[in-house]
There are 2 protein chains.
Amino acid sequence: MAQGSGRGGSSAAPRSVDVARLAGVSQKTVSRVFNDEPYVSAEVRRRVLEAAGQLGYRLNNAARALASGRTRSIGVVTLGTALYGPASLLMGVERAVRDTGYALRVVNTMEGDPAGVAGAVDSLLDQGVDGIVISEPIDEDGHDKDVSIGLDVPVLVVGAPPPFTAPRVLVAGVGADLMARTATEHLLDLGHLTVHHLAGPQRWYAARDRREGWRSALAAQGIDRPPVVEGDWSAASGYAAGRELAADADMTAVFAANDDMAIGLIRALTEAGRRVPHDVSVVGFDDIPVAAYVTPPLTTVRQPFDAVAQQGLKRLVHCIENPQADPLPTSDPPVDLVVRASTAPPPPRTTPGHGRRTDSRPYGDPQGPPPLIGGASDPH
Amino acid sequence: MAQGSGRGGSSAAPRSVDVARLAGVSQKTVSRVFNDEPYVSAEVRRRVLEAAGQLGYRLNNAARALASGRTRSIGVVTLGTALYGPASLLMGVERAVRDTGYALRVVNTMEGDPAGVAGAVDSLLDQGVDGIVISEPIDEDGHDKDVSIGLDVPVLVVGAPPPFTAPRVLVAGVGADLMARTATEHLLDLGHLTVHHLAGPQRWYAARDRREGWRSALAAQGIDRPPVVEGDWSAASGYAAGRELAADADMTAVFAANDDMAIGLIRALTEAGRRVPHDVSVVGFDDIPVAAYVTPPLTTVRQPFDAVAQQGLKRLVHCIENPQADPLPTSDPPVDLVVRASTAPPPPRTTPGHGRRTDSRPYGDPQGPPPLIGGASDPH
DNA sequence: CATAGACATGACAGCGCAGTCATACGGGCA
DNA sequence: TGCCCGTATGACTGCGCTGTCATGTCTATG
């Protein structure tokens with residue numbers, strides 16, 4: 001229909017019949033070649049490929065999807081932010097998807113979007129996908145709690161517990177709780193009596209996870225938990241939190257739920273005369289690209305986005321292609337604490353207030369370990 | 001085929017015929033309703049929608065694409081990095097695409113990928129898209145120069161000149177050259193005699209653009225250009241460049257092609273005893289989220305990613321849906337220089353070496369304007 | 001030498017929709 | 001009254017591919 005002109009036309013994308021005719025085989029054989037099906041002789045395969053190349057033939061995906069019932073594409077639901085974590089995860093997913101031979105469809109859920117994750121999933125189902133990846137979902141007002149997937153499409157949830165009612169759900173944890181715990185323990189090991197926590201917005205599962213890791217590290221040692229300060233991931237919110245925390249003279253260590261907030265926090269502390277890491281140690285989370293170069297270089301935790309995405313997608317694809325089979329096992333990603341110069345032992349407690357050192361070295365030149373740049377403890 | 005079972009089955013996605021039967025209309029009428037075609041009475045439309053809701057019907061996109069020849073999706077080619085610029089642009093594109101009613105397919109080109117942009121475009125064409133957005137392409141060895149799009153699919157190139165041979169190409173500039181020029185002029189206006197440039201990798205058009213803006217600002221005032229130092233966008237490369245530049249005692253101002261490099265640069269200068277902004281002023285590019293909170297808060301240029309993406313997509317969609325019509329006009333995005341505390345007038349030149357001030361205020365407390373946080377000159 | 005099996009290919013139907021055309025109805029206008 | 005046009009609907013076809021099954025050829029084996 002679209003193309004009413006008779007056979008004579010020279011434009012119009014070539015179809016598999018055209019290739020078949022040119023190669024002197026049946027249309028079905030062309031299909032076999034392009035799907036790597038068995039039982040095609042080398043000679044015929046060669047002829048078909050040559051004819052295809054000559055005509056500039058490419059498989060029509062729509063027809064393929066219609067006939068086979070599979071779209072060979074995977075949908076991803078992401079937050080619509082350029083935040084380092086979500087963005088990195090998305091890139092990891094893209095890389096991983098490409099390896100699997102599937103195509104990628106992307107849909108955002110804007111924060112505050114009433115439709116939320118459910119709407120995004122719906123739109124992916126409309127578009128037609130064989131599997132869905134939900135990356136770091138947030139829990140808008142608790143309403144997303146029970147997103148149910150009507151269709152029998154497997155879902156991979158990354159970085160969150162499964163709040164989804166669906167026939168087949170996989171979970172790929174980035175192990176944020178464990179990593180947060182490691183970060184907190186690092187501070188305790190340095191001798192800090194307790195560790196404050198600058199949390200992310202608790203609507204985010206990722207933020208809750210990190211808080212939980214912090215909580216469990218303190219709980220394991222029977223340490224009381226100072227009140228949690230909550231930010232919104234932004235450096236601005238970290239700055240605001242820092243002004244608040246700076247007032248607490250006993251505060252010597254903070255675990256921030258991401259690097260941006262840690263940087264804002266450090267700035268506020270510095271302005272308030274609390275030196276980092278002299279007076280206060282700060283650990284971030286993410287290892288954003290500039291973390292090693294801010295002042296002081298930030299001790300932080302690096303998330304294995306690529307590894308998580310790759311493993312998760314392998315499992316998702318397995319689940320798509322072997323609907324009955326058991327899901328592949330999952331292995332925990334490694335924890336990677338990057339120790340730089342924003343953490344140090346706490347100041348001596350004999351004299352309350354400032355420590356005994358009165359040298360005038362500016363904050364820009366911390367006395368702790370020298371800035372680690374691309375060195376042994378800054379693997380890359 | 002896929003489904004051999006007779007009519008009796010209760011699962012299997014409902015088709016438009018099923019809806020038609022239930023609503024007592026023809027299949028074609030259901031199609032009309034779902035495509036908002038004219039000539040459907042209100043009563044029939046209501047009945048169809050009700051039946052569809054009852055059955056949980058959703059249009060089958062593959063069939064639709066096959067029958068109509070349009071996939072209603074747009075492909076994006078991005079670099080596979082979580083760098084702030086590309087990531088923000090991608091998010092902007094996602095938001096904009098959603099508004100247009102198209103779906104989004106995403107493909108990365110990894111840096112160093114021999115196939116490069118051409119391969120990514122090819123894979124999108126394989127997948128079937130009605131339009132393509134190429135976001136901040138890079139020019140791998142100059143080989144990408146002439147990516148030609150065989151199919152008659154309109155292409156929108158963002159942030160680069162059009163190196164593409166295609167029937168229909170649109171360009172959406174982020175105006176990086178103009179912005180770079182503004183940044184450079186800001187430094188000259190402060191009294192700096194010249195401005196050094198820490199460039200991005202010149203394979204990137206974005207990096208070339210910024211260098212060109214810097215060049216033209218100096219050229220306009222007849223100022224000699226110091227040699228360009230080239231980094232790779234990373235803070236590490238900025239740091240390395242900083243060590244190099246710090247040796248040049250005459251150097252008082254640097255325009256860095258992105259914020260990450262600016263931050264690494266500042267760290268290196270600070271370690272070398274060159275205070276920012278006392279001794280050296282630094283301007284970054286991008287306005288990454290932490291830019292206002294590093295030490296010193298970074299003067300930088302904010303790119304209007306959302307505006308560019310939105311306008312570009314509007315034009316692309318127009319081009320898709322009106323193949324013959326003239327492309328929509330383009331308007332230049334606004335330049336947004338965010339002045340913070342990393343720039344100041346140059347030190348007095350009477351005494352070579354350090355300026356006249358000897359006060360011992362640490363760098364963390366710059367004498368320039370106070371850190372601007374969420375204030376008037378930090379609009380957000 | 002007959003025959004089962006592995007291999008190689010083709011004929012045919014139909015996936016679920018949108019395009020085209022035919023048809024039927026109702027009112028304004030000559 | 002008859003005609004035409006705008007409206008509303010349906011029958012039919014085919015988009016380009018893949019699944020199923022039939023068919024044909026060749027080799028190994030009893």
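The sequence lines fix the lettering, A, B, ..., with proteins before strands; numbering per chain opens at 1.
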State whether [X] places a side-chain N or O below 4.0 Å from either non-bridging phosphate oxygen (OP1 or OP2) of [N].
X: A:N35; N: D:dT18; result: yes
X: B:S31; N: C:dA18; result: yes
X: A:T29; N: C:dG10; result: yes
X: A:S16; N: D:dC17; result: yes
X: A:N61; N: D:dC17; result: no
X: A:Y39; N: C:dG10; result: no
X: B:S26; N: D:dG10; result: yes

Step-by-step salt bridge (charged side-chain N to carboxylate O under 4.0 Å, His left out) determination, A:E50 to A:R47: CA-CA 5 Å; A:E50 189 187 316; A:R47 259 174 27 224; over 6 Å; no

Classify the nucleic acid contact of B:F34 as base, sugar-phosphate or nothing, counting any heavy atom under 4.0 Å across all strands shown.
nothing

query: So what does B:V30 hit on the nucleic acid, given a heavy-atom distance under 4.0 Å: a base, only sugar-phosphate, or nothing?
result: nothing

Tell me: [atom1] of [X] to [atom2] of [N], nearest whole Å?
X: A:R64; N: C:dG16; atom1: CZ; atom2: P; answer: 18 Å
X: B:L66; N: C:dG16; atom1: CG; atom2: P; answer: 12 Å
X: B:R45; N: D:dT9; atom1: CZ; atom2: C1'; answer: 13 Å
X: B:R32; N: C:dA18; atom1: CZ; atom2: C1'; answer: 10 Å
X: A:D18; N: D:dC15; atom1: CG; atom2: C1'; answer: 13 Å
X: B:R46; N: D:dT9; atom1: CZ; atom2: P; answer: 13 Å
X: A:R70; N: D:dC17; atom1: CZ; atom2: P; answer: 17 Å
X: B:K28; N: C:dG16; atom1: NZ; atom2: P; answer: 17 Å

Checking D:dT9, C:dG10, D:dT18 against the side chain of A:V25 (C-beta onward), the nearest is C:dG10

Regarding the side chain of A:E37, the nearest nucleotide among C:dT9, D:dG19, D:dG16 is D:dG19

Apply salt bridge (charged side-chain N to carboxylate O under 4.0 Å, His left out) to A:D99 and A:K314, showing your working. CA-CA 9 Å; A:D99 288 344; A:K314 211 171 82 186; over 6 Å; no

request  = Please check if the side chain of A:R58 supplies one atom and the backbone of B:D122 the other of a donor-acceptor pair under 3.5 Å.
outcome  = yes

Between B:P38 and A:N60, whichever has its closest DNA chain D nucleotide further toward 5' is B:P38

Side chain to side chain contact (heavy atoms under 4.5 Å, CB included) test vs A:V97 passes for just one of A:V133, A:V76, A:L313, namely A:L313

**Report entry** Test item: A:T81 and A:P86 side chains (from C-beta on) under 4.5 Å apart, heavy atoms
**Finding:** yes

task: State, with a plain yes or no, whether a side-chain heavy atom of A:L90 is found less than 4.5 Å away from one of B:L90.
output: yes

For C:dA18, does the base pair up with any side-chain atom of B:Q27 as donor and acceptor (N or O, under 3.5 Å, distance only)? yes

